[in-house]
J.: 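Dropping a structure here in structure tokens format, bear with me for questions.
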Amino acid sequence: MTALAHSPFVKMNGLGNEILVLDLRENPVELTPADARALARPGVLPFDQAMVLYPPRREDTAAFVRILNNDGSESAACGNGTRCIAAYEAERTGARHIRFESEATLLDCRVHDDGTVTVDMGAPGLAWRDIPLAHEVGDTAAVTVPGFEALGPASLVSMGNPHAVFFVSDADQVDVAGLGAALERHPLFPERANISFASLTGPDDILLHVWERGAGRTRACGTAGCATAVSAARTGRTGRMVRVRLPGGDLALEWRAGDDHVLMTGPVAYEFRGKVTPAMIGESI
């Protein structure tokens, strides 16, 4: 019988970004890439990202978090998933101010009375080594990706994971899956990249479609929303406070001037709860 058997889970979503919250604080066993792929199979527990909670390493945090994509690869950040685990912990404990630790950073979260959650996603990485890129570029705010010159320059940002944001005339008309799959693995991005296509629909209003590294096309991506907000302000397209509209819903984003931290606010939704059974990962490969 698998060591994960009987571990509690909650299936949630953040703006349609499918999140599996797996609480292993009472049973801190490893969730392997093969286990993640098995759980994500259709008809089992399909997810975009799994937020795996382990016992805290710091006294001021609720848990240490690992983030796995549905292909079994690991991610350093997931904004929608962070909102979900904050809401889960608030429901479990009654706390409204919650901190988590990941490999990348500390995640400071506030749960509001209306059910929305604000997450301090920290400051973006803008230097080419921080994103990271395969080689130095002159200005990460405007980089032409070889082979994709027709898209125009991309703004490249790290939000704990690498992002390339392309500003286009109409994001609804872009071949997100075709271009996203090709660009994700472009040689410029040694750790692959999340690929976003954004268009301005108002002075501080952005339409966004995202191809996520390791997950494919998703209905929403919190870190991509953050990267897009930073990119839009950095290139003079908007101010530092914007609404980003994704297929799953809207995010309110602020790139705070005082410390350059990005604050992301949005809703979460519960789908169902249960416990892992041996059958759920019995076919892991």
J.: To the nearest 0.5 Å, tell me how far Asp108 CG sits from Asp60 CG.
T.: 9.5 Å
J.: Does Arg273 pair with Glu91 as a salt bridge, N-O distance under 4.0 Å?
T.: yes
J.: Ignoring hydrogens and geometry beyond distance, is a side-chain donor-acceptor pair present between Asn27 and His6 at under 3.5 Å?
T.: no
J.: Spell out, yes or no, whether Leu39 and Phe9 are grouped together once hydrophobic residues are joined by side-chain heavy atoms under 4.5 Å, including indirect joins.
T.: yes
J.: Strictly below 4.0 Å, N to O, side chains only: are Arg192 and Glu212 in salt-bridge contact?
T.: no
J.: Are any non-hydrogen side-chain atoms of Val230 and Leu126 less than 4.5 angstrom apart?
T.: yes
J.: Checking Thr144 now: which residues fulfil side chain to side chain donor-acceptor pair (under 3.5 Å) with it, not counting sequence neighbours?
T.: none
J.: Identify the two heavy atoms, one from His209 and one from Ala171, that lie closest to each other, and give their separation to 0.1 Å.
T.: CD2-O, 3.2 Å
J.: Looking only at heavy atoms, which two atoms of Asp139 and Val143 are closest? And how far apart?
T.: O-CG2, 3.3 Å
J.: Count the heavy atoms belonging to other residues, nucleotides or ligands that lie under 6.0 Å from CD of Glu149, then report whether that count exceeds 12.
T.: yes
J.: I would like to know whether Leu263 and Met121 meet side-chain contact (heavy atoms from CB on, under 4.5 Å); could you show each step before the answer?
T.: CA-CA 6 Å; Leu263 305 182; Met121 298 293 291; over 6 Å; no
J.: Indicate yes or no for a side-chain donor-acceptor contact from Arg41 to the backbone of Ala38 under 3.5 Å, with no hydrogens or angles considered.
T.: yes
J.: Would a 4.5 Å heavy-atom cut-off, applied to side chains only, mark Val210 and Ile195 as touching?
T.: no
J.: Restricting to non-hydrogen atoms, name the atom on Gly214 and the atom on Asn70 that form the minimum distance, rounded to 0.1 Å.
T.: O-OD1, 3.0 Å
J.: Would you check if Cys109 and Phe100 make a side-chain contact, meaning some heavy-atom pair closer than 4.5 Å?
T.: yes
J.: Would a hydrophobic clustering, with Ile, Leu, Val, Met, Phe, Trp and Tyr connected at side-chain separations under 4.5 Å, put Met280 with Leu53?
T.: no
J.: Is there a salt bridge (Lys or Arg N to Asp or Glu O under 4.0 Å) between Asp204 and Arg243? Walk through the geometry before answering.
T.: CA-CA 6 Å; Asp204 294 295; Arg243 179 179 71 160; over 6 Å; no
J.: Are Leu156 and Leu183 linked, directly or through intermediate hydrophobic residues, by side-chain heavy-atom contacts shorter than 4.5 Å (ILVMFWY only)?
T.: yes
J.: Would you say that Leu246 contacts Leu251 through its side chain, given a criterion of any heavy-atom pair below 4.5 Å between the two side chains?
T.: yes
J.: Is there side-chain contact between Pro46 and Glu18, with heavy atoms separated by less than 4.5 Å?
T.: no
J.: State, to 0.1 Å, how close Ala77 and Met159 come at their nearest heavy-atom pair, and which atoms those are.
T.: CB-O, 3.3 Å
J.: Less than 3.5 Å apart, any donor N or O on the side chain of Tyr270 or Asn13 sitting next to an acceptor on the other?
T.: no
J.: Tell me whether Arg217 forms a cation-pi arrangement with Trp211, defined as NZ or CZ under 6.0 Å from the six-membered ring centre and within 45 degrees of its axis.
T.: no
J.: State plainly whether the residues Glu74 and Arg66 are in salt-bridge range, i.e. N to O under 4.0 Å.
T.: yes
J.: Can you confirm whether the side chains of Thr118 and His112 place a donor and an acceptor under 3.5 Å from each other?
T.: yes
J.: So Arg110 and Thr116, side chain to side chain donor-acceptor pair (under 3.5 Å) or not? Walk me through it.
T.: CA-CA 9 Å; Arg110 292 191 181 274; Thr116 61; over 6 Å; no
J.: Distance check, rounded to the nearest 0.5 Å: Ser169 atom OG versus Phe197 atom CZ?
T.: 12.5 Å
J.: Any chance you could measure Glu30, atom CD, to Tyr54, atom OH, to the nearest 0.5 Å?
T.: 6.5 Å
J.: Nearest 0.5 angstrom please: Glu101 CD to Phe64 CZ, how far?
T.: 5.5 Å
J.: Restricting to salt bridge (Lys or Arg N to Asp or Glu O under 4.0 Å), what partner residues turn up for Asp130, sequence neighbours left out?
T.: none
J.: Do you know which two heavy atoms are closest between Val244 and Gly225, and how far apart they sit?
T.: CG2-O, 4.1 Å
J.: Taking the side chain as every heavy atom from C-beta outward, state whether Arg237 and Thr228 have any atom pair closer than 4.5 Å.
T.: no
J.: For Asp35 and Leu4, run side-chain contact (heavy atoms from CB on, under 4.5 Å): C-alpha distance rounded to whole Å, both residues' side-chain angles, the deciding distance at 0.1 Å, then the answer.
T.: CA-CA 9 Å; Asp35 290 338; Leu4 284 170; 3.6 Å; yes
J.: Ion pair present between Asp48 and Arg219, side-chain N to carboxylate O less than 4.0 angstrom?
T.: no
J.: Show your reasoning for whether salt bridge (Lys or Arg N to Asp or Glu O under 4.0 Å) applies to Arg96 and Glu89.
T.: CA-CA 9 Å; Arg96 287 292 180 268; Glu89 190 67 9; over 6 Å; no
J.: Would you say that Val52 contacts Leu68 through its side chain, given a criterion of any heavy-atom pair below 4.5 Å between the two side chains?
T.: yes
J.: Just checking, is any N or O donor in the side chain of His163 or Ser158 under 3.5 Å from an acceptor N or O on the other one?
T.: no
J.: Looking just at side-chain N and O atoms, do Asn69 and Gln49 make a donor-acceptor pair shorter than 3.5 Å?
T.: yes
J.: Would you check, one step at a time, whether the test side-chain contact (heavy atoms from CB on, under 4.5 Å) holds for Arg256 with Asp120?
T.: CA-CA 10 Å; Arg256 192 164 57 194; Asp120 183 340; 3.6 Å; yes
J.: Do Leu107 and Val65 have side chains that approach each other closer than 4.5 Å (heavy atoms only, starting at C-beta)?
T.: no
J.: Between atom CD1 of Ile206 and atom CG of Asp250, what is the distance when rounded to the nearest 0.5 Å?
T.: 11.5 Å
J.: Please assess Ser75 against Arg213 for the test side-chain contact (heavy atoms from CB on, under 4.5 Å), listing each intermediate value before the final yes or no.
T.: CA-CA 9 Å; Ser75 179; Arg213 176 186 67 167; 3.9 Å; yes
J.: To check you understand the geometry: which heavy-atom pair defines the closest contact between Pro33 and Gly72, and what is its length?
T.: CB-O, 3.4 Å
J.: Mind checking whether Val176 and Phe166 sit in one hydrophobic cluster, side chains of I, L, V, M, F, W, Y counted as touching below 4.5 Å?
T.: yes
J.: Is there a donor-acceptor pair closer than 3.5 Å between any side-chain N or O of Ser102 and the backbone N or O of Thr105?
T.: yes
J.: Using a strict cut-off of less than 4.0 Å between a Lys/Arg side-chain nitrogen and an Asp/Glu carboxylate oxygen, indicate whether Arg37 and Asp71 qualify as a salt bridge.
T.: no
J.: Measuring from atom SG of Cys84 to atom CD of Glu271, what distance do you get when rounded to the nearest 0.5 angstrom?
T.: 9.0 Å
J.: Applying a strict under-4.5 Å side-chain criterion to I, L, V, M, F, W and Y, I'd like to know whether Val111 and Val119 cluster together.
T.: yes
J.: Taking the basic N atoms (NZ, or NE/NH1/NH2) and the acidic carboxylate oxygens, is any pair closer than 4.0 Å for Arg240 and Asp260?
T.: yes
